[in-house]
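One structure is given here, and the rest of the page talks about it.
What you see below is based on every heavy atom in this structure, not just the backbone, and it leaves out hydrogens, waters and symmetry mates. Every chain is numbered from 1, with letters handed out A, B, ... down the list of sequences.
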2 protein chains.
Amino acid sequence: MRPTRKHIIAVAIALIERDGVGALSLSRLATELGCDVVSLYDHVPSKSALLEAVAEAVASGMELPSMPEASWEIRLRAVAGAFCGLARTHPRCAVLAAATPGSARAKRSDEYVLAALHQAGLRGPDAVPIMRAFLAYLTGWLVCQAGPPGSPADPRPTGRPSLRHREFPPVTCPAGELHPTDPDADFEFGLDLLVDAIAARCPAPTGRMLP
Amino acid sequence: MRPTRKHIIAVAIALIERDGVGALSLSRLATELGCDVVSLYDHVPSKSALLEAVAEAVASGMELPSMPEASWEIRLRAVAGAFCGLARTHPRCAVLAAATPGSARAKRSDEYVLAALHQAGLRGPDAVPIMRAFLAYLTGWLVCQAGPPGSPADPRPTGRPSLRHREFPPVTCPAGELHPTDPDADFEFGLDLLVDAIAARCPAPTGRMLP
DNA sequence: ACCTGAACACCGTTCAAGT
DNA sequence: ACCTGAACACCGTTCAAGT
């Protein structure tokens with residue numbers, strides 16, 4: 001059975017989501033595909049190249065809608081939503097995809113965020129650092145939820161991603177105020193925090209488009 | 001030559017910084033230590049336990065000064081500075097340390113940030129999501145600079161951490177405005193953005209302590 | 001009782017031997 | 001010319017054989 005490159009990547013993604021990046025091996029992948037290990041080298045030059053392809057494939061599933069009518073806030077929230085969607089559909093590949101530098105995902109979301117900021121009246125030297133801060137927040141959120149791939153924390157049981165802090169609450173707490181909270185609500189909160197901060201730096205008074 | 005646990009971890013850190021996490025193997029570590037591989041198992045139960053110990057050791061070097069006289073902004077900036085210091089002294093272990101969930105580092109910085117926010121007048125349900133957003137930004141910054149450990153991007157030549165975007169500029173750019181910028185300045189900018197946003201949610205007018 | 005070398009199951013990758 | 005199995009160097013971990 002000769003596998004196609006698409007099929008190889010698809011099964012690799014499934015394996016990573018099931019058992020973690022650390023559990024992915026070419027041998028396992030080959031047996032899963034029902035072919036010999038060496039046949040993989042016809043489509044993928046090395047294991048690290050396979051991982052890059054996986055990151056690219058997963059990230060390309062990230063939807064960044066064009067929405068010609070939408071405000072810049074809606075656009076920024078769309079990027080955030082795309083990150084969340086990635087974390088929901090491919091929790092273990094998401095970190096790989098989100099943090100692999102220079103990926104097509106990185107370029108696409110860079111430009112998408114820059115376009116939104118452009119729409120908000122933020123240009124060049126003003127926009128780029130804001131874009132980086134915004135994407136750093138989204139990436140950090142992803143990583144804080146999932147842990148870095150290949151880390152000792154990686155081969156955990158899969159499931160809905162949840163904050164680790166629930167399982168490891170701090171021993172002491174200054175005001176004893178660290179109750180478990182809803183990760184989604186926390187994410188939204190931090191997003192609001194950033195969007196408001198960005199709006200405060202906008203030339204336009206409310207940041208919305210004028211009629 | 002019987003190695004001590006401390007020595008094992010120290011050499012492991014050095015090896016990771018020199019060649020990347022992916023290049024760390026118990027065999028290599030043993031030869032570097034001048035002992036047999038199996039002797040390592042006297043002090044470390046497994047390789048993943050070793051990686052956790054490395055993360056913990058590196059993170060424990062993060063300095064969070066108490067500064068009883070300082071304002072909450074200064075404290076928050078101290079945490080950011082500690083993250084930066086980590087990225088500077090141990091670029092490759094930093095991501096491991098910053099993103100390993102439930103680590104002592106996580107608990108310490110959680111509490112430190114909460115204490116600073118408490119000082120700013122932010123309590124309980126107000127403070128926790130802000131803390132998470134703040135640390136997510138710092139973590140995301142670290143990961144965006146270094147790439148996730150074990151990722152295809154990891155075994156790169158070491159050096160001063162720099163933004164990947166310099167090497168992979170976007171092909172197209174909405175306003176053609178994505179010139180290379182100073183990573184440190186960008187980091188400071190995002191930090192200011194967040195601190196300002198937090199200050200805007202503070203009960204106290206300026207966020208500074210009253211005399 | 002304790003240490004340690006050989007041994008085991010696995011890994012990524014290569015390459016020469018077959019078709 | 002092309003595919004593929006055996007082979008290579010390495011890996012994490014175990015365990016029985018030695019002291």
Side-chain angles (χ1 to χ4, degrees), chain A residues 1-56 92-93 96 100 147-156, chain B residues 1-56 92-93 96 100 147-156:
Chain A
M1 179 59 69
R2 312 269 321 284
T4 145
R5 181 182 154 93
K6 217 169 205 112
H7 193 201
I8 290 176
I9 293 173
V11 173
I13 291 176
L15 272 181
I16 291 175
E17 290 304 332
R18 196 213 292 156
D19 303 323
V21 209
L24 179 74
S25 78
L26 296 189
S27 320
R28 216 184 303 266
L29 183 55
T31 52
E32 199 80 5
L33 286 160
C35 71
D36 198 294
V37 200
V38 288
S39 304
L40 301 177
Y41 286 88
D42 290 340
H43 305 93
V44 163
S46 70
K47 186 187 181 181
S48 67
L50 172 69
L51 287 179
E52 278 186 55
V54 162
E56 207 68 61
R92 299 181 116 139
C93 295
L96 203 66
T100 296
S151 83
D154 174 65
R156 74 199 183 286
Chain B
M1 177 59 70
R2 312 271 319 285
T4 143
R5 180 181 155 93
K6 215 167 205 116
H7 194 200
I8 289 176
I9 292 173
V11 174
I13 290 176
L15 272 182
I16 290 175
E17 289 306 331
R18 197 212 293 156
D19 304 322
V21 209
L24 179 74
S25 77
L26 297 188
S27 320
R28 216 184 303 265
L29 183 55
T31 51
E32 199 83 2
L33 285 159
C35 71
D36 197 296
V37 200
V38 289
S39 304
L40 301 177
Y41 285 89
D42 289 339
H43 305 94
V44 163
S46 70
K47 188 188 181 183
S48 69
L50 171 70
L51 286 179
E52 279 187 54
V54 162
E56 206 69 63
R92 299 181 115 139
C93 295
L96 204 66
T100 297
S151 83
D154 174 63
R156 74 198 182 282

Checklist outcome for this item: Here the distance between atom C1' of D:dG12 and atom CG of B:L26, to the nearest Å, is 6 Å
Checklist entry - What are the two closest non-hydrogen atoms of A:H43 and A:R5, and how far apart are they? => result O-NH1, 3.2 Å
Checklist entry - Taking for each residue the nucleotide of DNA chain C with the nearest heavy atom, is it A:V37 or B:D42 whose nucleotide lies nearer the 5' end? => result B:D42
Checklist entry - With a 4.5 Å limit on heavy-atom distance, are the side chains of A:L50 and A:P45 in contact? => result no
Checklist entry - Is there a side chain to side chain contact (heavy atoms under 4.5 Å, CB included) between A:I16 and A:V54 once you walk through the steps? => result CA-CA 10 Å; A:I16 291 175; A:V54 162; 4.0 Å; yes
Checklist entry - Between C:dC2 and C:dA6, how far is it from one P atom to the other, in whole Å? => result 23 Å
Item to check | Base-pairing string, 5' to 3', of DNA chain C - Watson-Crick or wobble, under 3.5 Å, | interstrand | outcome: ||.|||||...|||||.||
Checklist entry - Rounded to the Å, how far apart are A:L29 CG and C:dC11 P? => result 11 Å
Checklist entry - For D:dC10, does either OP1 or OP2 sit under 4.0 Å from a side-chain N or O belonging to B:R28? => result no
Item to check | Any B:S25 side-chain N or O less than 4.0 Å from OP1/OP2 of D:dC11 | outcome: yes
Item to check | Short side-chain N/O contact to D:dG12 OP1/OP2 from B:S46, under 4.0 Å | outcome: no
Checklist entry - If the P atom of C:dA7 is compared with that of D:dT19, how far apart are they to the nearest Å? => result 16 Å
Checklist outcome for this item: When rounded to whole Å, the NE2 to P distance for the pair B:H43 and D:dT13 reads 17 Å
Next on the checklist: I want to check something: taking the side chain as every heavy atom from C-beta on, are B:D19 and B:L24 in contact at a cut-off of under 4.5 Å?
Outcome noted: no
Checklist entry - Hey, are the side chains of B:L26 and B:V44 touching, using non-hydrogen atoms and a 4.5 Å cut-off? => result no
Checklist outcome for this item: Taking D:dC3, C:dC3, C:dT13 as options, the one with an atom nearest any side-chain atom of A:K47 is C:dT13
Checklist entry - What interatomic distance, in whole Å, is found between P of C:dC8 and the corresponding atom of D:dG18? => result 15 Å
Checklist entry - How far apart are the closest heavy atoms of A:R18 and A:R92, and which atoms are they? => result O-NH1, 3.4 Å
Checklist entry - Whole Å only: how far is the CG atom of B:L33 from the P atom of C:dT4? => result 14 Å
Checklist entry - Does some side-chain heavy atom of A:S39 sit less than 4.5 Å from a side-chain heavy atom of A:R2? => result no
Checklist entry - Would one find a side-chain N or O of A:S27 under 4.0 angstrom from OP1 or OP2 of C:dC10? => result no
Checklist entry - Separation of A:D19 atom CG from C:dC11 atom P, in whole Å? => result 12 Å
Checklist outcome for this item: In whole angstroms, the gap separating C1' of C:dC3 from CG of B:L40 amounts to 14 Å
Checklist entry - A:Y41 has an atom OH; how far is it from atom P of D:dC8, in whole Å? => result 17 Å
Item to check | Separation of D:dC11 P from B:E32 CD (nearest whole Å) | outcome: 12 Å
